[in-house]
Every structure is written in structure tokens, then in C-alpha cells.
Amino acid sequence: MEGMVISVSHLSKYYKVHKKEPGFLGSMRSLVHRQYETVKAVDDVSFVIDEGELVGFIGPNGAGKTTTLKCLSGLLYPTAGRVSVLDFTPFDRKTAFLKQIALVMGQKNQLWWDLPAMETFLLNKEIYEIPDDVYKKALSELVDLLEVEQILKVQVRKLSLGERMKMELIAALIHAPKVLFLDEPTIGLDVVMQKKMRDFIRAYNELHRSTILLTSHYMEDVRQLAKRVIIIDHGEILYDGKLDQLVKKFAKYKVLSVILETYVPPDKLKEIGELTDYDFPRAVIRVPRSASNVAAAQILQKFPVDDLNIEEPDIEDIIRDVFSQGK
Amino acid sequence: MKTYFQIIKNTWAEMMMYRLNFVLWRVRWVVQRLVVYFLWWAIFANRQEIFGYSQSMILTYVLLGSIVGTFVLGTTTMDIGGVINQGNLSNFLIRPVDFFRYYLARDIGDKLLNVVFAVVEIAILVLLLRPPVFVESNIWYILLSVVAVGIGALLYFFFSLLLGFFGFWSSDVWSPRFLSMVIMEFFAGGLFPLDILPKPLFAFARSLPFFYFIYFPIKVYLGQLSVISVVQGLATGLVWVGGLWYIAVLVWKKGLRVYTAEGK
């Protein structure tokens with residue numbers, strides 16, 4: 001297929017987890033007789049990602065997002081299935097493959113903790129065999145985008161989490177990878193820094209036409225960055241498609257947001273639909289999608305209304321619904 | 001090649017970040033050496049020869065042993081078990097860098113710096129204490145002992161890697177290491193020349209790879225071995241290197257298959 005960069009078919013990754021009862025006796029018993037439990041971290045997952053796409057990978061903790069990313073970047077050996085990235089089998093970890101990808105983990109650092117970040121960049125320059133002029137250009141571009149000129153020579157341990165994350169990004173992107181895996185890049189960052197990080201990822205994607213696969217707990221990351229999302233839970237894909245389609249497909253209700261002029265007992269509001277929030281003067285009522293117009297008319301007729309809005313439900317709510325359906 | 005220079009450079013810079021730590025480590029080393037030195041000094045107080053060693057031979061053995069020990073046993077691979085367990089190994093795996101060579105370069109950096117200090121320290125001790133030292137006049141013995149030190153260093157490198165690779169299967173990576181350290185301290189010959197041991201024990205020591213860490217290179221330097229035993233020893237050492245290297249690569253490959261890249 002043309003332009004296809006990542007192809008995953010029937011990927012499964014099972015972990016054998018060693019079960020141990022708590023306490024010393026449990027330890028002794030497990031020495032003699034070990035009990036294992038198989039955990040299906042990823043179970044028969046298939047998808048394809050084209051060049052230049054920025055795809056958001058969402059799911060709760062332990063859904064299998066990170067495991068999938070690790071299989072794609074060659075860290076994990078798949079239990080079953082085929083994975084192809086840039087026509088390479090990731091686990092072979094061929095130099096030509098590794099030179100074209102990068103994995104950034106929000107909770108791991110490759111920077112030398114006791115040295116200025118610059119030293120890690122220089123090491124990566126040699127590891128990736130980047131020519132001097134290319135390196136200089138790439139570095140100054142990244143340093144400008146992330147505004148870190150002044151802290152390049154500061155010991156990594158003395159940087160704030162946000163600054164360190166920026167340095168991690170530079171170290172990971174200095175070789176201009178074609179495919180970029182971002183695992184929770186904004187974790188632990190404050191709101192301002194999260195936004196900067198998002199702006200950077202978007203700018204980078206546009207500038208280099210690189211393919212980006214991003215996981216995040218923060219819906220805002222995905223909403224702002226990805227047109228396409230893959231929702232995964234319990235190791236299985238629940239949804240793969242456009243973010244706005246997700247709303248249409250899964251939101252079976254609309255949300256009426258009402259500002260009341262005078263107090264109305266909640267019982268009365270419940271006659272219209274499901275009252276999800278009531279904090280006078282504001283009430284939020286969920287109604288079936290098809291009945292939203294009728295319900296709105298009813299409200300206007302029956303109650304003294306100052307303002308009324310018909311809204312799509314929050315993506316986070318929809319996704320929560322998708323997850324609870326999947327169980 | 002430039003990659004590995006950069007790794008060595010970074011390793012030095014890292015060590016220099018903790019100067020006090022490094023200095024104290026060196027002080028500890030010197031004190032340990034002094035204890036061994038004076039112990040042997042006392043033993044020779046009213047004797048000319050013990051176990052076939054003259055006083056100057058044994059003191060040379062002890063002083064040289066400290067330099068050889070610093071070089072052969074100086075390593076940064078101690079943390080590999082932790083690197084695997086905490087999932088930081090991922091940072092090596094996603095970059096086109098060879099893990100073995102990366103750590104070898106780090107070790108070379110570490111060894112060189114430590115040896116420079118050890119040589120200076122021993123030189124000062126020799127100047128202060130003025131012990132009778134034996135200076136080898138045969139250039140061949142000197143060269144061959146350098147080769148033997150190289151073999152010992154490689155041997156220990158692969159041995160230590162293997163201990164680190166326990167991390168793929170167990171989070172308890174320190175107990176095998178501690179156990180091996182206890183055995184190694186004794187059988188590497190850093191405290192005394194192994195051939196003063198009873199014959200059966202010496203034969204046992206000789207069958208271990210630790211034999212080639214300190215004892216063997218110094219014996220070569222002292223010129224106490226026949227040419228045949230030197231060649232034999234070097235060959236056996238090389239076979240050990242090849243064997244451990246092979247096993248290390250095998251275990252590494254197996255380990256990567258079960259590696260879960262977990263951790264915080």
C-alpha cells in the first residue's frame with residue numbers, strides 16, 4: 001500500500017505474571033511452587049497508519065497502549081501477530097530502522113542525569129551519525145521551537161520536570177525521525193507546559209511530515225492534536241476512526257444545558273430526561289439524541305428559562321461510555 | 001568510533017561530578033592496600049622467604065596487584081541489573097547503539113581514570129615506604145603481563161554483564177553479585193598469591209575464570225612462570241573470554257525476548 005508506514009496485524013502480547021502471596025511464607029511457597037498467570041496486555045490488534053498521520057492512542061491505565069508502542073518500537077517481542085514499521089520488523093532492531101524512529105516516554109529519561117543535556121545530544125549525534133551541519137541545523141530548530149537556549153548547559157538533575165521533558169524531546173528528535181512514538185509526553189506537566197508541548201508536537205508534525213503515534217491520559221492532548229483516534233481497552237481496539245465520527249457513533253444522547261430564572265424542584269426536571277447536574281440556576285439534562293428538539297421545546301414551555309443550549313456530550317464522557325460498554 | 005570517545009568523555013565528566021565520592025573511593029582503596037601491605041610486611045619481619053616468595057616478590061605482588069585489580073575489576077556494569085529492572089534498558093534499545101560496546105566504552109573510561117590514580121597513589125606509597133620492589137627486566141614478561149591484564153579485564157567485563165543479565169528474569173540482582181564478589185575476592189588473588197594455597201585448593205582456583213583477573217597477570221610479570229605456562233595461561237584465558245562472551249550474547253538475546261520494558 002502506498003504511504004503506509006505502520007502496519008499491525010493480529011498483534012498479541014501476553015505477559016506471564018508471577019503470582020505471589022504476601023509475606024515471607026508466601027515468598028517461600030513461591031520459591032517451591034511458582035504460580036503464573038497470563039495477562040493479555042494486547043490481544044489481536046490490527047491497524048494501519050499512513051505517512052504523516054498524527055494518531056491518538058487512548059485508553060485507561062493498563063489498556064495496552066504502551067505495550068503496543070513498545071512492540072512498534074522494537075522493545076518487546078510480540079507473542080503473536082505481525083508488526084511492520086517502515087517495512088522493518090521492529091524487534092530485529094536494524095540500525096537503518098532505529099535511525100528513523102524515536103520513542104519518547106514521559107516517565108523515562110535517556111539524558112545523562114549528572115551532565116548537561118548538551119552532552120547527551122552530542123552523544124546522540126555520534127550514535128545516529130549525524131553530519132555536523134545537519135546536527136547544527138536540527139539542534140537550533142528544536143532549541144528555538146522549545147525555547148531552551150539558556151538551559152542547554154545546565155546539569156539535567158537541576159532542571160524542572162518540564163524543562164527536562166523538552167530536553168528529552170530534543171535528544172529523541174535530533175536525528176529527525178520519520179516515525180515518532182510518544183508515550184504520555186505531557187504526564188506530570190502543568191497546564192501551560194502541556195499546551196507548549198502540544199503546540200510543539202503539532203508544529204513538528206507539520207514541519208517534518210513525520211508520522212506520530214501518541215498516547216495520553218489527557219483527552220485534551222488527543223483532542224487538540226489527533227484527527228484520528230484508536231481507542232483501546234483490555235488489549236482490544238474498541239474504536240478506530242475520526243474523532244468527530246466517534247461523537248456521532250457513540251453519543252446516543254445530547255446534553256441540554258439550561259439556565260433557569262427561578263428555582264424548579266429537581267423532580268420536575270427529571271421528567272424531561274436524565275438530570276446529570278443541578279446547581280441552581282444551572283441544570284444539565286441528558287436526553288436521547290432523536291428526542292432533543294422535543295425535549296428542548298418542553299423545557300421552554302414548562303419552566304422559566306433564561307438560557308438553553310443543546311450540546312454534544314463531552315468526548316471524555318463518550319469515551320467513558322465506550323469503555324464501560326466494552327466490559 | 002567517535003561514539004565511544006564521547007561515551008568515555010561523558011563517563012569521565014560524570015565521575016568528576018562527584019569528586020568527593022571519587023576521592024573517598026580512592027582513599028578506601030589505598031587504606032585497604034596498606035592493610036594488606038603491612039600484613040605481609042609483618043609476616044616477613046624475621047624471615048627471608050615464605051611459600052617460596054621473597055619479601056620483595058610478595059610486596060611487589062601486593063602493590064602491583066592493587067593496580068591490576070583497579071584496572072581489571074573497575075566497572076560501571078554493576079548497575080545493569082537495575083537498568084533492566086527499571087526499564088531504562090529501553091533507552092539503549094531504541095537507539096542504534098550496541099549495548100555491549102556502549103558499556104565496554106564506559107568501562108574503559110572508568111578503568112583508565114582509576115588506573116591513573118592508582119599508579120600515582122602506589123608511586124607515592126613506594127616513595128614513602130621505600131619497600132624492596134622487584135622490577136622486571138625482561139621486556140617480554142612485561143608485555144605479556146599487559147596482554148594478560150587485558151584478557152582479565154575482558155573476562156571480568158563479560159562475567160559482570162552476565163550477572164547484570166539476571167535482571168531479565170529476577171528483580172533480585174544483587175544476591176548473585178554479592179555471592180560472586182565473595183568468591184572472587186578470594187580467588188582472584190588480590191590479597192595473596194594463589195600458589196601459597198594447598199595444592200588441591202590451588203588446582204580449584206586455577207579452574208575458575210577469576211584466576212586470570214589478578215593472580216595470573218602478576219605472575220607473568222614476576223617472571224616466575226615458564227614460557228609454556230605463560231602461553232598456556234594466556235590461551236586458557238582467551239578461551240574463557242570467548243566462552244563467556246558467547247554465553248553473554250546468548251543470554252542477552254534470550255533476555256530481550258522476555259524483557260518487558262516495565263518500570264517507572
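Scope of the values below: all heavy atoms of this structure, side chains included, with no hydrogens, waters or symmetry mates. Since this is a predicted model, take the numbers as computed values, not measurements. Reminder, nothing fancy here: chain letters follow the sequence lines and each chain counts from 1.
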Contact origin within [X] toward chain A - heavy atom pairs under 4.5 Å:
X	result
B:L256	both
B:Y4	neither
B:Y18	side chain

Neighbour count >12 (heavy atoms, 6.0 Å) for atom [atom1], [X]:
X	atom1	result
B:W245	CH2	no
B:W25	CH2	no
B:F166	CZ	no
A:K99	NZ	yes
B:R26	CZ	yes

Measuring only between side-chain heavy atoms, which start at C-beta, is [X] closer than 4.5 Å to [Y]?
X	Y	result
B:M17	A:Q155	yes
B:K9	A:E119	yes
A:E126	B:M1	no

Look up atom [atom1] in [X] and atom [atom2] in [Y], then write down how far apart they are to the nearest 0.5 Å.
X	Y	atom1	atom2	value
A:D114	B:T11	CG	OG1	11.5 Å
B:Q6	A:N124	CD	CG	9.5 Å
A:L122	B:K2	CG	NZ	10.0 Å
B:F92	A:I127	CZ	CD1	8.5 Å

Interface residue of largest heavy-atom contact number with chain B, from A:M105, A:H175, A:R157, under 4.5 Å:
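Counting heavy-atom pairs under 4.5 Å, the top option is A:R157.
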
Between B:I94, B:N10, B:V97, which has the largest tally of heavy atom pairs under 4.5 Å with chain A?
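That would be B:N10.
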
Exam field: side chain B:N91 to backbone A:N109, donor-acceptor pair closer than 3.5 Å:
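Indeed, once roles are kept as given, a pair shorter than 3.5 Å links the two residues.
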
For chain B, which residues of residues 74-98 of chain A have heavy atoms nearer than 4.5 angstrom:
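A:L75, A:L76, A:Y77, A:F91, A:R93, A:T95, A:L98 fall under the 4.5 Å cut-off.
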
